[in-house]
Amino acid sequence: MRSEKSTFETLYRALNPRQREAVDAIEGPVIVIAGPGTGKTQVLTLRIANILKRTDVGPEGILALTFTNSGVAAMRARLAEIIGSAAYRVNIYTFHGFANAVIQRFPEYFPRIIGSHTADRIDSLRLVERAVLARRLKAIKPFGNPLYYVSSVVKAIETLKRENMSPSAFAALLRTVDRAANPKKYERNRELALVYRAYEEALKRERLYDYGDMIMELVRVLVAERELLLTLEEEYQYILADEHQDANQAQNTILELLGSFHDEPNLFIVGDEKQAIYQFQGASLHNFLYFTARFPNAKIIELSENYRSTQNILDAAHSLALSAKERLSHVRLKAQKQRRQKESVILAPVPRSGDEPDYVASEVEKLIGKGTNPGDIAMLYRENSDMPPFAAALAARGIPSVIGSETDVLKTPALAELLILMRGAVHMDDDRKLAELLCLPLTGIPAHLRYMLLARAAETHMSLYLVLARATEPPACAFSRRLSHLNAVSLTRMLPASIDFLVNESGYREEVIAGDDPTGTIQKLGDFFAEVKRYSARHPDHKLADFLDYLSALETHGLSIPERAEGRGGVRLMTAHGSKGLEFDYVFIVRAFHGHFGGRRVRERFDLPMRGSALREEIGVDDERRLFYVALTRSRRRVTVSYSVSDDNGGTLLPSQFISEIDSRLVKLASIPEKKVPQALTSVSYQIAAPRPVPDAEYLKALFFERGFSVTHLNNYLACPWKYFFVNLLRIPEAKSKHLIYGSAMHAALKELYDRGSRGERVSAARIIRIFEENIARAPLSPLEREEALGKGKRSLSGYIAQHRAGLPKDIRIEYAIHGVPFPLEGESHVVRLNGILDRITFVSDGVLVSDYKTGAHKSRNEIVGKTKRADGNYWRQLVFYKLLLDEQGTFKMREGEIAFVEPDEKGRYRTERFSVTPEDVSLLTRTMQEVLRAIASLSFWDQTCSDPDCEYCRLAKVIKKS
DNA sequence: CATATGTAGGTTTTT
DNA sequence: CCTACATATG
Ligand SMILES: Nc1ncnc2c1ncn2[C@@H]1O[C@H](COP(=O)(O)OP(=O)(O)OP(=O)(O)O)[C@@H](O)[C@H]1O
Ligand SMILES: [Mg+2]
């Protein structure tokens, strides 16, 4: 109860006349449209306090709505500063939260929803996924990646629901569209309509309702049920909405309905059109026009005194806003007198890519050194994936940070291990999952025994589980018994009990406690258990296996279990979107380069027929500019906009277009010191450079020389040393993919084709296709998968045969195998044995042509040889490797090599790219191989990882390195 | 100037 | 796997 009144009084007295007018205008509709930092949120919260003070309405009678959760939190925090604990009894909600609260309180009005749970994003994705997999679709179900469109479908359905368009309405609308105009687009929309219908049915069946339903149903019911509307209307005497520029039409309607019994409802709407940044999400730019038209007598208040920023920042933002195409009112805001310092907008082009995070962190360090509180500094970026290097750079300097972007607890090593443990315990009959489990130290299985068990399984073609069960080595027997127990528990007990057992009775807990960072890990485990609890509350009858499916779904759709943000007081890292409504002394807008922040390409996979698409491009730029505007205006004292001048590959980057739209007289260029290699980093890498001895190195080395080496091994090693280690050296079982099955069936058919051709027999397309079909028929595929594989394969094959049957070569060898070609290793007494199987060799004058079939989509010549950015050069390396084999073997001279694509290109042609491979190419490859093979023989890759931070093999490597 | 081919890149948010 | 843009080719 301390100084509530006086806080209010102090703040109230500080208000300027226009602000005071807004706070005092308690009755009737009021609209405040004003720029950033003019005190809109301040006025809104003070107005709530004023209502409580001047009327006998209690906190429960006030409803404050905003768009984001963080908006709710910020509003409540500010209110609590003014009125103390009563702030927690004021109804402050997001629109979704409010809809949900009404639905929970008055379920009888919501028969569609009664007894249902909310569907979160992952539920929607899984339902759509199931609908797609179960249906015969073409346009939105590519063979190579049938789930490719799933997330776009969910997005499109969200849009449709926002526009209040049911599946049948959408289907009807589609019938009015001319298919011929764009058949592809049309087909995608047609299949979208089918999936949309299936999705809605699935939602009902599973008793779920999604975000769209919350709003849609509330609107529908408020329109139909006057009784409920009356109840709510009586309950909420005062309605306030902050950041209203981001509301969409349905949310507008909710506000309007709640005030509909009065001509002049007590409706207080606050916002700034220049800060509208959620148009992509359906926000309408005309919210304020709409309300001013709806309530012609509304008091309209504009504010132009800014209490946040320096004049420089305000002028910079103002000049930026003037570049917008659309005509919003652009008032030049006035800063407070004491806030006129110069040099508050700084441009920092960092010369080298990769140096930007460290540069920004060093600037942050300087500020903190001068006494700035880290919590008053923010780094704003365009997308969540920009964050990690900046967080790392701060951490490297020991600067605390609070990360607004979600980080995934499952990615942390200890949780990744728990995942392996759970998967192995539940699916011990799955060789791959069991193999990963065997890599965990808690199994008590020493390294050499683990390698031997894997080798035994690969040689005998027995399941790994059987190999383990029959093993006579004591540690294997002991673990085998424990595993059976873990398995039985995980299959029978309920989810929380299973996980509890696995954590506490498997040795996992002891490992966490003995591990590197027990406190941190235990906190992340806590977040994980919270998710388990949430899940089992919703699916009380689910077992661990179901939960694992759920986790896999999260993984495939790139979603995460968020980590609770660590305490307060650190430098704040968040997306520009997330910064809306907040303020900081120092703001760093990072990665502000063209094509990233501004100049982004928009790609919409579904072009829905309804909204007009004429001005979309322009709108995109303006939307993005407003986002930049929001980011700029978060700053009280100084904003630094940084970008790097070159990208990772040395290409030049241009600054964001918005930088040049700022009046250049207001921008100061930072002088960036030439980067010196930081002392700390060098000493760290010295520490890394002292490798620990690799356990069972001799065994692994022997295994390597025995195994031999192929071009697949080489390509895998170059992609990731650990991939080679697990897949090719240890032969950890891999799930056979649809692609592998398809590819080998195709190869079998082509073998038949060329065999017949070489014998001069008549080629019957039907017969070749039958070979393919027989291979597919035998393979473990679901009925629908089989049908799809057959359809695609038949089409490809018949086209291929038609194009090639005239010129089938006579003098050939099919699947020409070369084994055991010796390759001496420098500095080693042993030789490595090289192997390879050549799809086809064709005898030409004085030598052979080597051909390799590829079932995937065709690649350009540059992509094959590895000259493009994304290319791995695998195909090219394959051809050179074959030349090396043939040269060493000495039987045939390789004239040329070719890559033959078995899928037609978009024009229906089957492309073959032919190359001549020179002796220089071979000697280049030989040098690479010397390096690679020596690295393998000496296991010097042991402390390396590949460039993919999510690499499954590197993750597994971390696990085995612990034991 | 029209068409073909090659290449890079692929959000932001709401319970 | 799709699409927009840049570059090459007729
Ligand atoms: N009359 C005033 N005197 C002193 N400080 C004020 C006054 N009005 C607002 N402020 C302060 O100015 C800052 C910006 O206010 P506020 O966040 O309410 O602005 P806003 O209009 O909501 O901005 P945004 O559009 O970014 O959400 C806050 O720190 C607030 O406390
Ligand atoms: Mg605000």
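Each chain gets a letter, A, B and so on, in the order its sequence line appears, and its residues count up from 1. It should be emphasised that the depicted structure is a prediction, and the values quoted were computed from it without experimental measurement.
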Of all the choices, [options], which nucleotide is nearest to the side chain of [X] once you look at every atom?
X        : options               : value
A/Pro142 : B/dA8, B/dT12, C/dC1  : C/dC1
A/Thr575 : B/dT12, B/dT15, C/dC2 : B/dT12
A/Arg382 : B/dT11, C/dC1, B/dT13 : B/dT11
A/Lys869 : B/dG9, C/dC1, B/dT7   : B/dG9
A/Thr868 : B/dG6, B/dT7, C/dT3   : B/dT7
A/Tyr148 : B/dG10, C/dT3, B/dT7  : B/dG10
A/Thr68  : B/dT13, C/dC2, B/dG6  : B/dT13

Original post:
Hey, does the side-chain of A/Arg870 have a donor or acceptor N/O within less than 3.5 Å of a partner on the base of B/dG9?
Top reply: yes
Round to the nearest Å and state the distance from [X] atom [atom1] to [N] atom [atom2].
X        : N      : atom1 : atom2 : result
A/Gln245 : B/dT13 : CD    : P     : 16 Å
A/Glu383 : B/dT12 : CD    : P     : 6 Å
A/Gln251 : B/dT15 : CD    : P     : 11 Å
A/Tyr278 : B/dT11 : OH    : C1'   : 11 Å
A/Arg188 : C/dC1  : CZ    : C1'   : 10 Å
A/Asn189 : C/dC2  : CG    : P     : 15 Å
A/Glu788 : C/dC1  : CD    : P     : 13 Å
A/Glu863 : B/dT5  : CD    : C1'   : 11 Å

Base, sugar-phosphate, or nothing: which does [X] touch, judged by heavy atoms less than 4.0 Å apart?
X        : result
A/Arg909 : sugar-phosphate
A/Arg538 : nothing
A/Asn384 : sugar-phosphate
A/Asp246 : nothing
A/Asp120 : base
A/Thr94  : sugar-phosphate

Subject >> A/Arg911 vs B/dG6: side-chain N/O to OP1/OP2 distance below 4.0 Å >> reply: yes
Original post:
Can you check whether A/Asn862 has a side-chain N or O nearer than 4.0 Å to OP1 or OP2 of B/dT7?
Top reply: yes
Original post:
Within a strict 4.5 Å, meaning less than it, do heavy atoms of the A/Leu218 and A/Phe95 side chains meet?
Top reply: no
Original post:
When you measure from the side chain of A/Arg135 to the backbone N and O of A/Ala131, does any donor-acceptor pair fall under 3.5 Å?
Top reply: yes
**OP:** Cation-pi check, A/Lys141 to A/Tyr149: give yes when NZ or CZ is under 6.0 Å from the six-membered ring centre and within 45° of the ring axis, no otherwise.
**Re:** no
Original post:
Any chance the side chains of A/Asn100 and A/Tyr93 put a donor and an acceptor closer than 3.5 Å?
Top reply: no
**OP:** Please tell me which of A/Glu906 and A/Ile277 maps to the more 5' nucleotide of DNA chain B, matching each residue to the nucleotide holding its nearest heavy atom.
**Re:** A/Glu906
Original post:
Which pair of non-hydrogen atoms, one from A/Lys161 and one from A/Asp210, has the smallest distance, and what is that distance?
Top reply: NZ-OD2, 2.8 Å
Original post:
Looking only at atom P, what distance separates C/dC2 and B/dT12, rounded to whole Å?
Top reply: 23 Å
Subject >> Ring-ring centroid check A/His596 A/Phe593, cutoff 6.0 Å >> reply: yes
